[in-house]
Amino acid sequence: MSPLAKISSAYGPRFAEFAFEPAFTAAVDQHVAELRERLSADSPDLTPPPPDHTDLTDYALGFLDALAELDWREPVGHDYAVCRLTAISWLVHRHGLLPEQRHGD
């Protein structure tokens with residue numbers, strides 16, 4: 001399973017929390033914005049383009065490696081890492097970046 005598929009599988013279910021956790025929703029939105037800026041820094045478009053699959057995968061792998069080095073464990077609730085991983089999952093879902101999502105188009 002690809003890193004993006006693993007993250008999406010683990011953190012996609014957290015989208016349901018958006019309905020009753022406005023602070024979590026806002027935090028994830030900020031992470032999405034930061035990731036879009038980081039991954040499309042050279043885009044002059046007002047509406048950011050979808051992230052490049054390879055660039056997002058590389059970023060996710062680096063982020064997961066950093067978490068492993070810190071011996072991070074997912075907490076109850078939301079910390080920086082949970083918000084960032086949920087944001088990665090949201091970008092994957094929103095832009096259909098997994099092969100199984102592209103077949104449905």
Side-chain angles (χ1 to χ4, degrees):
M1 183 182 279
S2 76
L4 294 182
K6 287 179 185 176
I7 291 170
S8 291
S9 175
Y11 293 90
R14 286 190 172 262
F15 299 166
E17 297 174 43
F18 294 166
F20 57 89
E21 292 281 349
F24 177 53
T25 305
V28 170
D29 183 59
Q30 291 299 308
H31 282 268
V32 167
E34 185 179 323
L35 284 168
R36 282 182 164 163
E37 183 176 319
R38 178 183 297 244
L39 297 172
S40 330
D42 60 348
S43 175
D45 298 334
L46 202 50
T47 304
D52 178 76
H53 181 273
T54 302
D55 291 344
L56 187 58
T57 299
D58 290 347
Y59 176 84
L61 284 171
F63 191 73
L64 291 171
D65 285 349
L67 291 177
E69 287 180 21
L70 295 170
D71 197 30
W72 177 81
R73 299 290 177 245
E74 185 174 346
V76 174
H78 315 111
D79 66 356
Y80 179 91
V82 167
C83 292
R84 184 55 59 120
L85 292 165
T86 303
I88 291 169
S89 180
W90 189 89
L91 285 167
V92 168
H93 175 76
R94 168 69 177 89
H95 297 291
L97 297 178
L98 298 178
E100 57 270 21
Q101 292 172 320
R102 287 187 220 128
H103 291 276
D105 292 340

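Remember, predicted model here, so these are calculated numbers, not experimental data.
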So, Ser9 side chain and Ala5 main chain: donor-acceptor pair closer than 3.5 Å or not?
-> no
Residue list, ring pair (Phe, Tyr, Trp, His ring centres under 6.0 Å) with Tyr80, at least two apart or on another chain | His31
Passes side chain to side chain contact (heavy atoms under 4.5 Å, CB included), Leu91 versus Leu35? Steps please.
-> CA-CA 9 Å; Leu91 285 167; Leu35 284 168; 3.9 Å; yes
Under 4.5 Å between any side-chain heavy atoms of Leu39 and Asp52, yes or no?
-> no
Output side-chain donor-acceptor pairs under 3.5 Å for residues 54-70, partner residues at least two apart or in another chain, one line each.
| unit_1 | atom_1 | unit_2 | atom_2 | d |
| --- | --- | --- | --- | --- |
| Thr57 | OG1 | His53 | O | 2.8 |
| Tyr59 | OH | Arg84 | NH1 | 2.7 |

Any chance you could measure Ser8, atom OG, to Leu85, atom CG, to the nearest 0.5 Å?
-> 10.0 Å
Contacts of Gln30 that satisfy side-chain hydrogen bond (donor to acceptor under 3.5 Å, both in side chains) - sequence neighbours left out | none
Listed by chain and number, what are the side chain to side chain contact (heavy atoms under 4.5 Å, CB included) partners of Pro75, not counting sequence neighbours?
-> Trp72, Asp79, Val82
To the nearest 0.5 Å, how far apart are CZ in Phe15 and CZ in Arg94?
-> 11.5 Å
Only counting residues at least two apart or in another chain, list the ones meeting ring pair (Phe, Tyr, Trp, His ring centres under 6.0 Å) with Phe24.
-> Phe18, His78
